[in-house]
Amino acid sequence: MPELPEVETIARGLAHAVTGRSIASVVIRLPKMAQAPPGVDFARALPGERIVGVGRRAKYVLVELASGRRLVTSLRMTGRLVVQRPGEPDFPGTHVVLHFTDGSRLSFADLRTFGRMRLVEPDDAWDKSLGPEPLSSGFTPEAFIGMLSGRTTRIKALLLDQQRIAGIGNIYACEALWKAGIKPGRPAMSLSKPAIRRLHHAIVDVLTRAIEMRGTSVDDYVDAEGLRGGFQSALAVYGKLGQPCERCGSPIVRTVIAQRGTWWCRTCQR
DNA sequence: CCGTTGCCCTGCCAGC
DNA sequence: TGCTGGCAGGGCAACG
């Protein structure tokens with residue numbers, strides 16, 4: 001499911017593929033997929049716009065337009081952004097299509113229709129409720145210690161809270177907690193400072209390595225070029241129920257925290 | 001403000 | 001073989 005490393009990989013691929021193209025027309029087949037702020041007509045606002053770059057914030061793909069506006073896309077679980085050549089048949093489950101002046105197009109497809117695309121004005125603080133990027137200089141061990149202090153919520157739930165840290169999803173929360181040797185159900189405020197520092201390091205390490213390997217493909221995730229990620233071979237706990245922990249040999253267990261499946265080692269995560 | 005729960009969706013798969 | 005129920009999960013609304 002696209003988390004920070006997958007969205008980063010998708011955005012890099014798209015940047016290569018669509019930067020410089022101009023939008024000729026927009027087709028919206030499922031209106032709820034193309035949300036816009038009130039008063040903005042999504043399909044009518046885009047023709048004439050030129051794409052000047054593609055970036056990422058948290059788990060959102062940002063298509064930057066020459067006017068300063070941007071298309072903010074949340075892929076949720078099954079959303080895909082696919083660049084298609086002229087005449088190529090529609091990708092299955094396509095709900096929004098940006099047609100470019102050169103005949104190619106960018107299709108927003110989503111089997112489960114959870115994804116959303118929004119057109120955002122230059123001055124719109126659309127990401128004001130998102131926490132810091134975990135790979136930015138603002139995410140320091142000290143900042144992380146402050147984030148956890150006094151918080152009774154379980155540490156894994158906090159890692160998934162986008163208002164605290166933006167971009168971590170279920171896979172990398174499980175992996176970072178395993179690497180740091182921390183039990184996912186512990187109240188955030190119960191972690192010692194050395195443990196928080198270990199977790200901080202683990203988050204940065206896991207995300208960085210996952211980006212290097214172009215993300216994790218557990219089910220059907222593929223990047224903008226249709227390629228699978230490589231980090232699934234480096235997973236230590238996610239989805240590995242009953243398999244021996246590679247650190248201590250105990251079987252990996254699965255519990256539920258914050259309505260999410262949680263894989264961890266009862267022996268070496270404390 | 002804080003923390004938790006439920007809902008949106010469809011494909012897949014275990015179990016009967 | 002065919003059905004059913006549970007699971008997958010990001011983001012948002014609602015609630016106490």
Side-chain angles (χ1 to χ4, degrees), chain A residues 1-11 29-38 56-62 71-81 91-96 108-118 120 124-131 133-134 146-177 184-191 207 210 215-222 229 231-232 235 237-242 252-264:
Chain A
M1 324 306 141
E3 304 178 25
L4 188 155
E6 291 77 31
V7 178
E8 179 68 29
T9 304
I10 289 166
R29 301 203 185 115
L30 186 58
K32 71 169 185 177
M33 303 290 292
Q35 288 183 327
R56 177 194 62 77
R57 169 79 168 105
K59 302 173 194 172
Y60 298 86
V61 176
L62 312 180
L71 282 169
V72 178
T73 302
S74 166
L75 300 167
R76 301 291 184 100
M77 276 75 70
T78 49
R80 288 192 55 178
L81 289 167
F91 193 82
T94 294
H95 303 301
V96 181
F108 180 30
D110 190 349
L111 195 62
R112 288 164 71 178
T113 72
F114 273 15
R116 294 291 183 270
M117 188 176 262
R118 268 206 299 160
V120 166
D124 190 331
W126 67 274
D127 66 340
K128 61 181 181 295
S129 63
L130 291 175
E133 288 288 323
M147 225 179 262
L148 269 57
S149 92
R151 308 300 305 281
T152 59
T153 195
R154 288 168 290 187
I155 184 61
K156 193 202 171 195
L158 186 141
L159 293 183
L160 295 175
D161 182 351
Q162 303 299 297
Q163 296 185 42
R164 299 284 153 188
I165 320 166
I168 299 174
N170 204 30
I171 296 174
Y172 301 107
C174 290
E175 293 298 311
L177 286 163
R186 275 182 61 180
M189 61 190 288
S190 75
L191 271 64
L207 293 176
T216 302
S217 293
V218 278
D219 285 315
D220 49 7
Y221 158 75
V222 289
F231 196 72
Q232 59 274 15
L235 293 175
V237 286
Y238 183 83
K240 297 199 177 274
L241 176 65
I252 300 301
V253 298
R254 180 187 181 276
T255 59
V256 175
I257 291 175
Q259 275 79 253
R260 302 285 185 267
T262 303
W263 290 266
W264 56 290

Engineer: Between the side chain of Q35(A) and the main-chain N/O of M33(A), is any donor-acceptor distance below 3.5 Å?
Structural biologist: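 Not at all, since once roles are kept as given, no pair shorter than 3.5 Å links the two residues.
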
Engineer: Is the ring pair Y60(A)/W126(A) parallel, tilted or perpendicular, if the boundaries are 30 and 60 degrees?
Structural biologist: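 Geometry flag for W126(A) against Y60(A): perpendicular rings.
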
Engineer: Taking the axis from the first five pairs and the axis from the last five, what angle separates them in the helix from dC2(B)-dG16(C) to dC16(B)-dG2(C), rounded to 10 degrees?
Structural biologist: 50°

Engineer: Is any NZ, NE, NH1 or NH2 atom of the basic residue among E133(A) and R57(A) found under 4.0 Å from an Asp or Glu carboxylate oxygen of the other?
Structural biologist: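 R57(A) and E133(A): salt-bridged.
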
Engineer: Out of curiosity, L191(A) CG to R151(A) CZ, how far, rounded to the nearest 0.5 Å?
Structural biologist: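 Between atom CG of L191(A) and atom CZ of R151(A) there are 13.0 Å.
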
Engineer: Rounded to the nearest Å, what distance is computed from the CZ atom of residue R154(A) to the P atom of nucleotide dC2(B)?
Structural biologist: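 Going from R154(A) (CZ) to dC2(B) (P), I get 18 Å.
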
Engineer: Of all residues at least two apart in sequence or in a different chain, which pass the ring-ring contact (aromatic ring centres under 6.0 Å, His included) check with W264(A)?
Structural biologist: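 Residues passing ring-ring contact (aromatic ring centres under 6.0 Å, His included) with W264(A): none at all.
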
Engineer: With 3.5 Å as the limit, what N/O pairs link the protein to nucleotides 6-10 of chain B?
Structural biologist:
{"from": "dC9(B)", "atom 1": "OP1", "to": "K32(A)", "atom 2": "NZ", "distance (Å)": "2.5"}
{"from": "dC9(B)", "atom 1": "O5'", "to": "K32(A)", "atom 2": "NZ", "distance (Å)": "3.3"}
{"from": "dC9(B)", "atom 1": "O2", "to": "R112(A)", "atom 2": "NE", "distance (Å)": "2.7"}
{"from": "dC9(B)", "atom 1": "O2", "to": "R112(A)", "atom 2": "NH2", "distance (Å)": "3.0"}
{"from": "dT10(B)", "atom 1": "O2", "to": "R112(A)", "atom 2": "NE", "distance (Å)": "3.4"}

Engineer: Output the rounded distance in Å from NZ (K128(A)) to P (dC12(C)).
Structural biologist: 10 Å

Engineer: Using modelled atom types and a 3.5 Å cut-off, is there a donor and acceptor pairing between side-chain atoms of E6(A) and backbone atoms of G215(A)?
Structural biologist: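 Checking the backbone N and O of G215(A) against the side chain of E6(A), no donor-acceptor pair under 3.5 Å is found.
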
Engineer: Rounded to the Å, how far apart are I10(A) CD1 and dG10(C) P?
Structural biologist: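 Atom-to-atom, I10(A) to dG10(C), this comes out as 13 Å.
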
Engineer: Nearest whole angstrom, please: distance from the P of dG10(C) to the CD of Q163(A).
Structural biologist: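 For the pair Q163(A) CD and dG10(C) P, the rounded distance is 15 Å.
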
Engineer: With a 4.0 Å limit, can you tell me whether T153(A) has a side-chain N or O closer than that to the phosphate oxygens OP1/OP2 of dC2(B)?
Structural biologist: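 Checking dC2(B) against T153(A), no side-chain N or O comes under 4.0 Å of OP1 or OP2.
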
Engineer: Given atom CD1 of I155(A) and atom P of dG3(B), what is their separation to the nearest angstrom?
Structural biologist: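 Going from I155(A) (CD1) to dG3(B) (P), I get 12 Å.
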
Engineer: Take the protein atom CD of Q162(A) and the nucleotide atom C1' of dG3(B), then report the distance between them rounded to whole Å.
Structural biologist: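 Nearest whole value for this atom pair: 16 Å.
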
Engineer: At under 4.0 Å, does any side-chain N or O of T152(A) touch on OP1 or OP2 of dG3(B)?
Structural biologist: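 Looking at the OP1 and OP2 atoms of dG3(B), one of them is under 4.0 Å from a side-chain N or O of T152(A).
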
Engineer: Could you give the CG-to-P distance, from L160(A) to dG11(C), as a whole number of Å?
Structural biologist: 10 Å

Engineer: Does R164(A) reach the main-chain N or O of A166(A) with its side chain, forming a donor-acceptor pair under 3.5 Å?
Structural biologist: no

Engineer: When the distance from NZ of K59(A) to C1' of dG11(C) is rounded to whole Å, what number comes out?
Structural biologist: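 Those two atoms, NZ and C1', are 9 Å apart.
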
Engineer: Do H95(A) and M117(A) have side-chain heavy atoms sitting under 4.5 Å apart?
Structural biologist: no

Engineer: Within the 4.5 Å heavy-atom criterion, are L159(A) and Y172(A) side-chain neighbours or not?
Structural biologist: no

Engineer: Is R164(A) close enough to dC1(B) that one of its side-chain N or O atoms is under 4.0 Å from OP1 or OP2 there?
Structural biologist: no

